[in-house]
Each structure stands twice: as structure tokens, then as C-alpha cells.
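Quick note on labels: first sequence line is chain A, next is B, and so on, each numbered from 1.
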Protein chains: 2
Amino acid sequence: MDSVERQASTARVKQVANALEEEIVLGWLQPRQRLIEEDLSSRFDVKRHVVREAIAELERMGLVERVQNKGAAVRMLSSTEVRQIYSVREALETLAAQQILLPPRPETIATLIEIQEQHAAAVERGDPRAAFRENIAFHNALFGACGNPHLVEIIRNLAQKVHGVRSYTAASPVHLARARDDHWAMIEALKASDQEKLVQLCRDHLSPSRDTYIASLEQRFGRTGQHPSKESPAQPEPPGENRLERRSRLAESSVT
Amino acid sequence: MDSVERQASTARVKQVANALEEEIVLGWLQPRQRLIEEDLSSRFDVKRHVVREAIAELERMGLVERVQNKGAAVRMLSSTEVRQIYSVREALETLAAQQILLPPRPETIATLIEIQEQHAAAVERGDPRAAFRENIAFHNALFGACGNPHLVEIIRNLAQKVHGVRSYTAASPVHLARARDDHWAMIEALKASDQEKLVQLCRDHLSPSRDTYIASLEQRFGRTGQHPSKESPAQPEPPGENRLERRSRLAESSVT
DNA sequence: GCTACCATAATTGTCAACAATAATGTTGTA
DNA sequence: TACAACATTATTGTTGACAATTATGGTAGC
């Protein structure tokens, strides 16, 4: 594709950032996994400084953590952090839902239905990647109806922060189906101008992914509120498979 | 100062970003004014790529705008944008104030009083720079008492977005005095465990700077909701002094 | 066999020179 | 004088090489 090469670097930075975000959400990049600049730059066929910027972007979004001279790794959220973030999300999304003026403009409904058909199709054919994208589009369009783009932006940013969490639900057919049903129900509430119902739906829509993550987290590391990625002295290390491991470059290039 | 030179660049990036933020807030850098990388790198005595990162940071914070190959300029907010942002701020700060568990821990009060004494001193001696810093510290400490650091972070980010707006009030003795009084009143409300009063104070605390800015903006550009920096075809350009002007390097180096 | 130390490799951070782009000035022509 | 094409300059964007830092593996001394 020639079109990729002739793009402004700022666009390529976003592309790389989005690609990495997707990989994190889909669980291809596990929490604690390192992001090595050189590897990524060859994988995406961009210069290293583009990767650097993309990683900086992800850091700002709260998806990765970096330390001086040690590089970046997919961020691991403690269960308390997840709880805190979700509680703010609940407040903000509830707020936005309350501010949506009912009845909505017909175009709003039309757009939502269109997006949701894409989403449902993605769920149907088991395409979590597309489902993820359409899911974002749906929420943008839905909350966009509240009329305050800055509120929508904040909601989006907060959702991004817990994208790492989604890897536990983003690929699960059960959760995807539930999300799909929720979305249709929201559209119905909009059609019926039932604000109370809409607000309630938005609120309840959040819980499943939060609970699944917290449950799996506490099952693995105990009910501690401690951030498991911090090297707290008296804390036993989590199972080895998940540790921040130095990648072996030799292991890959053993063919040559 | 040798200590400045021996710092990690990530720290220097933050220093430069903070310095620029202050200059924007204090109105030394006016909206639409360009930020030229080379100039800044010599002014702050850092390499250009440090300045670049700092500008990128400011862009993420929403304080400057950049366009491909044309550089960055202090961002100009339209009155509708200001209104929207403040409406979200009001919702969030109200929310945080509601979530503060009363009575507060004694250390919280002590910290707030300590900060506020610094703030009052700064206001007294007419030091808007220090007042700005202490003001931020006060709000961090106050909302920090709500127990949800992520909510606090969002509130801080939103406040940063309208920092450019503050240049209209940050240097005004009247506004600074009012802010000081508000802060003391909030501390009193905390001491008295009067949540309702506290919430109300937080709500009312926001209006003055918003109203001042909107008033001055509408006086200059009319009551349009249009973003004045966008080159909308049928829109007359604002007064020349404020235009995005190419800086004349010769004008400065005429001595050599 | 274990620990402390050193040598080496892997990775990130820094830099200055160069390329690309957009704004400005200048000249030639009608 | 007005305008268009061109040349010049100011500014940002890109690159590859090098420096600094951290992790790893191995070796000697105990």
C-alpha cells in the first residue's frame, strides 16, 4: 500500500497508537508485557521516533507505564484503581445520559441503529476487533447526543484508561452478546423518550466488564488493593508467566 | 544552577511545559501567539527536541494548537467552548465536593490551611505567579479529599484546559482576592461539616473567571459562538495585534 | 555451591545535521 | 500599479549515529 507511506507522521503516530491500543484491548498484549521501541518500529515499518510518540500517547491515555531508561510496559491496574475509575465513569455517563434532550433528533437514532447493526454483525461473526471499534463508535454517538463534546471526550478518555481491562471481556461471546442487547435496549429507551430507563441502562452497562476483571484479578492475586505491578518489598511476585520479562531477541532470530 | 543541568530530560520537559503553562496563564503569551521551537530552546537553554516534547504535552493539555509544518500557537477558546468546559467542570467539582466525607481528617484541614496561607500571602504581595501555583495546590488538596484520585485528575486536566482563560483573571487583584475569600470559606465549611455549603461554594467559585472571559471575548468578537481562530470564510479577521503573526527574527538580532 | 563483581549485550535517550514545507520578498511583465 | 512566477528564508519534520543506562551472563574468590 503506497497510501500508508505517503502519510504525515502525526497520522502514522495515531495509527500505531490505535493498533497498539487494539492489541492491548484484545489481550494480544498482556499486562506487564514490554513494548520495545525497535521491535515495534520494524513491525509497523515506521521510524523509532514515531513509535516513541505513540507510546507517549498511550502513556498519557493510561494504557502503558514507562520508567526512565527502562521502557514501557502494558499497564496493570489494581482492583481498587479499576473500581475508582468505574465509579467516575458511572457518574459521568449517568450525567451525560441525563443531559440528553429527549426526544432525540431522528438522525441520532438513525446513526445509532446503523452503528449498532455493524456491531451486532461483528458480534454475530465473532469478530471482537470490529466489535470493539463499533462499540466505541456507538458510545461516542450515544453520549454525543448530550450536546457537550467536552464531556464526551472525557468519557472517552476514561473508557480508554480501562481498555486493558476489556481484554477479559472483549473476546468473550457472552459479554459481547450482552453488550449488543444493552445497546438495542438503549436505542429503544431513546425512541420511547424514557430518560430514566436510559440512565439506568447506561449505569448497568458498565458493571459486567468491571466485575469480571476484578474477580479474575482477586482470584489471582488475592483481595488486596495493592497495585500488583509495584515492587512492594514484602509482596510475593505474581506467577512467572506474567512477569515483566526481558524479551529474548535471539529467540526470534534463531532462523538466520 | 547546576541542579537544573543534571536532570533527566523527562523532568526538563515537564519544567519547560510548566513554565510555558504559567506564561500562558499569566497572559505573557497571548492567545494566537506562536511558539517557535528554536527560540524556546535557546530561552530555556534546552535542546530543541525537549521543547518539542513540551509543546506536544501542552497540545495534549489543550493549551496550544499545532498544525503540520506550521508550528504551535497558544490556543484561543470560543465562548461556547468555554461555556461547555465550565459546565463539565461544575458538574465534576460539585460531584467531588459531594463525595468528600465529612467531617474531614484533621490533616486535610491542616494541609489546606497551610496552602491557603501561602496563597493569601501571594495575593497580598501581588504575586500572581505564586498565587496561581498555590491555587492549583489548594484545589488538588481539597478535591483530593473526595478519595478518588482519578476524579481529581480529571478535574485537574479540565482546569488546565481553560488555563488560557485565566490570563484575564489571574493577574487581577480583585479576582485573586475573591478567590482567596472563597478558599477560606470552603475551609470553614469543611470545619463545620456543612456539605451543602461546601458544594455551593465550589459551584460559585467557578463563575467569575468564566464570565469575565466570555464577556471580554464577546465584547471583542461579538456574540458569535464561532471559534474565532478557525479561518471561516465569511468571518472578518480579528484585530491585527492578536493575529498569528510571523515572528521577525531580524527584529531581535538587529544588535549583532 | 554461593555471592560479589566485572564484562557484555540490549535498550532507551540525546543530538546535530539534513530534508521538507510554508511564508515572505522580489523581479519581470502587462 | 497589479499580478504572477520565481527565489529566498524561516521554521518544522526526519533521520541515523552515538551516548547513557540498565539488565544479563559469566567468572573468580570464598
Hey, does the side chain of [X] come within less than 4.0 Å of [N]'s phosphate (OP1/OP2), counting only N and O?
X       : N      : result
A:Lys70 : D:dT21 : no
A:Ser9  : D:dT14 : yes
B:Arg52 : D:dT12 : no

Considering every strand and a 4.0 Å limit on heavy-atom distances, what is the contact class for A:Leu35: base, sugar-phosphate, or nothing?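 If one applies the 4.0 Å heavy-atom cut-off, A:Leu35 turns out to touch the sugar-phosphate alone, with no base involved.
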Between the side chain of A:Arg52 and the main-chain N/O of A:Lys47, is any donor-acceptor distance below 3.5 Å?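 No, the answer is negative, given that no donor and acceptor are paired below the 3.5 Å cut-off.
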Tell me the interatomic distance from [X], atom [atom1], to [N], atom [atom2], rounded to whole angstroms.
X       : N      : atom1 : atom2 : answer
A:Glu53 : C:dT12 : CD    : C1'   : 16 Å
B:Ile36 : C:dT21 : CD1   : P     : 20 Å
B:Gln68 : C:dA22 : CD    : C1'   : 11 Å
B:Arg66 : D:dT12 : CZ    : C1'   : 9 Å
B:Glu38 : D:dA10 : CD    : C1'   : 9 Å

Taking ring pair (Phe, Tyr, Trp, His ring centres under 6.0 Å) as the cut-off, I'd like each qualifying pair that reaches into residues 42-87 of chain A, sequence neighbours left out, listed once.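 Qualifying pairs, neighbours excluded: none.
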Taking only residues two or more places apart in sequence or in another chain, which ones pass ring pair (Phe, Tyr, Trp, His ring centres under 6.0 Å) with A:His139?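 With neighbours one apart ignored, the set is A:His183, A:His205.
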Among residues at least two apart in sequence or on other chains, which ones pass ring pair (Phe, Tyr, Trp, His ring centres under 6.0 Å) with A:Phe143?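 If we apply the ring pair (Phe, Tyr, Trp, His ring centres under 6.0 Å) test to A:Phe143, skipping adjacent residues, there are no hits.
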Under 3.5 Å, which protein N or O atoms sit close to an N or O of nucleotides 16-20 of chain C? Give each pair with its distance.
{"unit_1": "C:dA16", "atom_1": "OP2", "unit_2": "B:Lys47", "atom_2": "NZ", "d": "3.4"}

By side-chain contact (heavy atoms from CB on, under 4.5 Å) - contacts of A:Arg129 (at least two apart):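 If we apply the side-chain contact (heavy atoms from CB on, under 4.5 Å) test to A:Arg129, skipping adjacent residues, the hits are A:Glu22, A:Leu26, A:Trp28, A:Asp127, A:Arg133.
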Listed once per pair and sorted, the salt bridge (charged side-chain N to carboxylate O under 4.0 Å, His left out) pairs that draw on residues 142-153 of chain A, sequence neighbours left out: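 Listed once each, the pairs are A:Glu153-B:Lys161.
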